[in-house]
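Supplied in structure tokens, the structure appears directly below.
Naming: A, B, ... by sequence-line order, numbering from 1 per chain. On a predicted model such as this, the values are computed, not experimentally measured, just so you know.
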2 protein chains.
Amino acid sequence: MSVTVITTLLGMGRWEPDARGRMIGAAMELFAERGFEQTTAGDIAERAGVSERTFFRHFADKREVLFDGSEAMERTAYDAILAAPADHSPLDAALAGMVAAGGLLEDRRDHAVRRSRIIAANPSLQERELLKLAAMVDTTAKALREREVTELNASLAAHSAVTVFYVAFAGWVSDEESPGFAACIAETAAALRALK
Amino acid sequence: MSVTVITTLLGMGRWEPDARGRMIGAAMELFAERGFEQTTAGDIAERAGVSERTFFRHFADKREVLFDGSEAMERTAYDAILAAPADHSPLDAALAGMVAAGGLLEDRRDHAVRRSRIIAANPSLQERELLKLAAMVDTTAKALREREVTELNASLAAHSAVTVFYVAFAGWVSDEESPGFAACIAETAAALRALK
DNA sequence: GCACTGGATGTCAGTCACTGTCATCACTAC
DNA sequence: GTAGTGATGACAGTGACTGACATCCAGTGC
């Protein structure tokens, strides 16, 4: 998914185009260069050529600039779960959603890797990532409920699927020659099911 | 101006014991009364009879005042996992740790319920809770690894066990006549295993 | 009794994340 | 060309946190 496309369609950044994308790029550069806490919101705005106030109009807080695509991933997972074959078990349907969401990452592996490194280096960014994963759990559970899955089973399958997503992502990122995100998810899901 | 005079009139010396406990109590009262965001760190400190600076000496940030027991729960879980019978599966050992940790909550059910309501009402507190749960996952996985469990299986079993803990806690809190935390965990774990 | 010391506290100044408000700018529709 | 719309800039203000330093209380040695 291209931030440029979205912002252009929304008509944002009318002066220099893609102010939002410039802020995201500037933030990732600065966070990587000198760390998250050593970077002020003013620093990011300056490098992106906007005012600090404009930064906070685009992003609810300083951390949010790193999580721009999370909504799109949720929607993708949601749609894929509803589109999964009716005979899929709740867990399989949820995993299909994770594979679909992972596809968005696969398109920009380099970006995903750099981003995950930045997050790994700062606890307050990890905190925000956990919140996004929790939102993914909620969305996944909601999709499962629309497939007539029990409240409890929807919650458990959603948690399990997002756990698989999370663990598989770590493997996919760490292994340079990894076979692809879908394969990582399949492996991880198999290991989860093998748990006694 | 003499602090001594003021505090003496209030019936408590500067070194009045359990400043930490007073701050925790004051925070829970105020958060419940007017909400987390409407309560300043200065408000909490004032009600507890200390300075704002002292509050931040005891708690890394304003949220942390609600998570004082989390370290003890981690330790309890860790010890219980290592103490579990050798023939327990990784998941069963991890679940034994969750039951042990839940015991700390059972001792003060009322406090746990009020606390969970406060957290449920504020996203930034939920974020912090997720971080604590993630720490619990890490500790659980570490304990499992010391039981010679594979890296991957330790991670997956730890995630699964903490998921069970989290889901079971929600049930335990919502049901006034619930059968006890251990039973809630057993039920939830059975449902998780029944997932296809 | 008394000086001394360590740890906890108070005070004050300062940075930075974020917010509300209002004027201004670029583009669009008419 | 004029009015409307939405993004932006400028500026002031609040509150979360931090660093530096003075102060206080309790315990220790004498």
(request) Verify whether one side chain among B/Thr163 and B/Ser160 offers a donor that lies under 3.5 Å from an acceptor in the other. (result)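 Absent: no donor and acceptor within the cut-off.
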(request) Figure out the CZ/P separation between B/Phe59 and C/dA8, and round it to whole Å. (result)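 Result: 14 Å.
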(message) Other residues, nucleotides and ligands only: do more than 12 of their heavy atoms fall within 6.0 Å of CD on B/Glu106?
(response)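 Above 12, so yes.
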(message) Does any part of the side chain of B/Arg128, heavy atoms only, come nearer than 4.5 Å to the side chain of B/Asp61, both counted from C-beta?
(response)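 Touching, per the 4.5 Å side-chain cut-off.
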(request) In whole angstrom, give the distance that lies between atom CZ of B/Arg20 and atom C1' of C/dG7. (result)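 B/Arg20 atom CZ is separated from C/dG7 atom C1' by 15 Å.
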(message) Within the supplied structure, the quantity of interest is the number of heavy atoms (other residues, nucleotides, ligands) at a distance under 6.0 Å from B/Glu46 CD; does it exceed 12?
(response)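 12 or below, so no.
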(request) Would you check if A/Phe169 and A/Cys184 make a side-chain contact, meaning some heavy-atom pair closer than 4.5 Å? (result)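 They are not in contact (no side-chain heavy atoms under 4.5 Å apart), so the answer is no.
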(request) Quickly work out the A/Asp18 CG to D/dA7 C1' distance and round it to whole Å. (result)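 Interatomic distance, CG of A/Asp18 to C1' of D/dA7: 14 Å.
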(message) Distance check needed: C/dT11 P versus B/Glu52 CD, whole Å only.
(response)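 B/Glu52 atom CD is separated from C/dT11 atom P by 12 Å.
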(request) Identify which nucleotide among D/dC21, C/dT19, C/dC12 has an atom closest to any side-chain atom of A/Arg53, counting heavy atoms from C-beta outward. (result)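 It is C/dT19.
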(request) Provide, to the nearest angstrom, the distance between the CZ atom belonging to A/Arg57 and the P atom belonging to D/dC11. (result)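 Taking atom P of D/dC11 as the reference, CZ of A/Arg57 is at 14 Å.
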(request) Measure the shortest side-chain to side-chain distance between B/Glu146 and B/Tyr78 over non-hydrogen atoms and say whether it is less than 4.5 angstrom. (result)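 Of all side-chain heavy-atom pairs linking B/Tyr78 with B/Glu146, at least one is under 4.5 Å.
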(message) Distance check needed: D/dA16 P versus B/Lys62 NZ, whole Å only.
(response)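 Value for this atom pair: 5 Å.
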(request) Could you please name the option among D/dC21, C/dT19, D/dA16 that lies closest to any side-chain atom of A/Phe56? (result)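 Of D/dC21, C/dT19, D/dA16, C/dT19 is nearest to the side chain of A/Phe56.
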(message) Angle between the end axes of the helix from C/dG1-D/dC30 to C/dC30-D/dG1, five pairs per end, to the nearest 10 degrees?
(response)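 End axes: 10° apart.
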(message) So if I take residues 29-51 of chain A and measure heavy-atom distances to DNA chain C, which residues fall below 4.0 Å?
(response)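 Per residue number, the list reads A/Thr39, A/Thr40, A/Ala41.
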(request) Let me know the distance between CE of B/Met23 and P of D/dC17, rounded to the nearest Å. (result)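 Result: 14 Å.
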(message) Using modelled atom types and a 3.5 Å cut-off, is there a donor and acceptor pairing between side-chain atoms of B/Lys132 and backbone atoms of B/Glu71?
(response)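 Checking the backbone N and O of B/Glu71 against the side chain of B/Lys132, no donor-acceptor pair under 3.5 Å is found.
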(request) Using only side-chain N and O atoms of B/His58, determine if any of them is under 4.0 Å from OP1 or OP2 of C/dT9. (result)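 Yes.
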(request) Round to a whole Å and report the spacing from CD of A/Glu64 to C1' of C/dA17. (result)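 To the nearest whole Å, that distance equals 14 Å.
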(message) If you count every heavy atom of other residues, nucleotides or ligands that lies below 6.0 Å from A/Arg193 atom CZ, does the total exceed 12?
(response)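 Correct, the count exceeds 12.
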(message) Under a 3.5 Å distance rule, please check whether A/Arg115 uses its side chain to pair with a backbone N or O of A/Leu66 as donor and acceptor.
(response)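 Looks like yes, one N/O pair under 3.5 Å.
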